[in-house]
S.K.: 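Have a look at the structure that comes next, please.
In the text below, chain A, chain B and the rest are named by the order of the sequence lines, each starting its count at 1.
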Amino acid sequence: MSKIIEPLRGVHDVLPAQAPAWQFLERVTREVFSAYGYEECRVPIIEQTHLFKRSIGDFTDIVEKEMFSFLDQGGDSITLRPEATAGMVRAVISNGLLRESRLRLWCMGPMFRRERPQAGRFRQFHQIDAEAFGFEGPDIDAELIVLSARLLRRLGLSRLKLLINSLGTPASRLVYREQLGLYFGAHEAALDEDSKRRLKGNPLRILDSKNPEMQRIVAGAPLMIDSLDTESKEHFAALCAYLRDAGIEYDVEPHLVRGLDYYTRTVFEWTTDALGSQSAVCAGGRYDGLVAQLGGADTPGIGWAMGQERIIMLLDKLGIATMRERPHVYLVMAGTSGEGLGFKIAENLRENVPNLRVQLNLGGGSLKTQFKRADKSGAEFALVLGEDEISRGIVALKSLRREQAQEECVLAQLNERLGVLLGLSPTRSGS
RNA sequence: GUGGACGUAGCUCAGCUGGUAGAGCCCCGGAUUGUGAUUCCGGCCGUCGCGGGUUCGAGUCCCGUCGUCCACCCCA
């Protein structure tokens, strides 16, 4: 036996048992976005490495050590997207979409980060992504958050906590960063290894350290909210008002920071405690400078990303089951003539009875065997086409799930009869 | 990248202090030849993750490697 080829580390197959949950998530996502007037935009999975370095930030962990980058045959450096925003912004710029001046977009698909896998964290994972361009005011911030709340609710997920914060403008953040540097510098001796490292790189990150010791020091640190510029303060206050009016509960979390450099002002995160150490289920924020930074006309932007695997894990944990699709009828056929006729009947049913799911017994087998397969398929009815039925121009219908007598049906009335039995309506009678 | 636990049939697992592998489920077939689910009978499937080492002999001990899970880091 030759050696089996294993999947790459941290990537997963979605098997038929899991697919319904994914389809459910994706269907609800489409419905909710559509309800808010957001349009789908599909962007490539690979982009120039440069794009991510410039948008996410050279010194973020994602860019420094988690990107799947490679040289293609032409010597260009290509990267598998680690997140969606950069590509969406690029698409909006390179296709001239910003001439619309206001855009509400969404996309969905795989992202890649070369991290060490653990609970809720994979090397290939999937995100649902929302982005809005050209809106300056806090109303869009509120809309995006309300939209995410509705999506989560529609999925049946409760008990999620919404955290919000404002990072202010780049200028006000710089001021705050200095204050923070001074504060933590004064406590440097008490800082752990990671925090000392962050002190040099990005002191903001010390704020969300999980180390209880650090949390104690963090508790005394100056608050970002206090060093916000006036406009950012007003923006944030207005957002809070919108959320209250919409009945969305939230916590202002002054230590909430993001791992990507491009965020300004509003940042938020939906968290759960049901997923081990990966608490973020959906997170995002405003990125007013990013479009210009990537060469587009100066346009404000804001967006969020939702981790599909994490949502699926939550659905699973909360027992929100999604049923596997089963056939309505399974065709049991005897002999070559039965198989020939059955094939035609099945096509006729699919043609004329909308949404009917018909599974044909393929590969022969005794009637007994075929009935076993019919049962295992989960079908509601077995449709029997034996020598006797063929010669009489009928089919036998046997319920596999209910105690009821097997019935006979003339071929010409089969479409209608099945439509009635299954609550589907045929467009016209079959031939 | 760092640390810990683990890796035996498709799945869940058993295999005491080393003597060359087992159960249940699943799957396939059968129980007088046109009817499934229960029951009974039978069957398939493993170079015990991979590679080295110790030993007369290793699934069982040692080393390496790959992978899974968990935590840190980071993040959706």
S.K.: How long is the line joining CZ of Phe122(A) and P of rC69(B), in whole Å?
M.R.: 7 Å
S.K.: Can you tell me the distance, in whole Å, between the CD atom of Glu115(A) and the P atom of rC72(B)?
M.R.: 13 Å
S.K.: Taking only heavy atoms on the protein side, list every residue of residues 8-36 of chain A lying under 4.0 Å from any atom of RNA chain B, sorted numerically.
M.R.: Arg9(A), Gly10(A), His12(A)
S.K.: Say whether Ser232(A) and Arg265(A), considering side chains only, have a donor N or O and an acceptor N or O under 3.5 Å apart.
M.R.: yes
S.K.: Taking 4.0 Å as the cut-off, does a side-chain nitrogen or oxygen of Gln118(A) come that near to OP1 or OP2 on rA71(B)?
M.R.: yes
S.K.: Please list, by residue number, the residues of residues 367-382 of chain A whose heavy atoms come closer than 4.0 Å to an atom of RNA chain B; answer none if no residue qualifies.
M.R.: Leu367(A), Lys368(A), Thr369(A), Phe371(A), Lys372(A), Asp375(A), Lys376(A)
S.K.: By nearest nucleotide on RNA chain B, pick out whichever of Pro7(A) and Ala283(A) is the more 5' one.
M.R.: Pro7(A)
S.K.: Counting side-chain heavy atoms from CB outward, which of rA76(B), rG34(B), rG4(B) is closest to Arg121(A)?
M.R.: rA76(B)
S.K.: Suppose we screen for ring-ring contact (aromatic ring centres under 6.0 Å, His included). Which residues come up paired with Tyr330(A), at least two apart in sequence or across chains?
M.R.: none
S.K.: Nearest heavy atom decides the nucleotide; on that basis, is Tyr263(A) or Gly386(A) closer to the 5' end of RNA chain B?
M.R.: Gly386(A)
S.K.: Where does RNA chain B form stems of at least three consecutive Watson-Crick or G-U wobble pairs, each pair having both distances below 3.5 Å?
M.R.: B:1-7 with B:66-72, B:10-13 with B:22-25, B:27-31 with B:39-43, B:49-53 with B:61-65
S.K.: Return the residues of residues 188-199 of chain A meeting this criterion: a heavy atom under 4.0 Å from some atom of RNA chain B. Order them by number, or give none.
M.R.: Asp194(A), Arg197(A), Arg198(A)
S.K.: Please work out which residues in residues 307-315 of chain A have a non-hydrogen atom less than 4.0 Å from an atom of RNA chain B and list them by number.
M.R.: Gly307(A), Arg310(A)
S.K.: Calculate the interatomic distance between Gln127(A) atom CD and rC75(B) atom P; express it in whole Å.
M.R.: 13 Å
S.K.: Whole-Å distance between rG1(B) P and Arg113(A) CZ?
M.R.: 17 Å
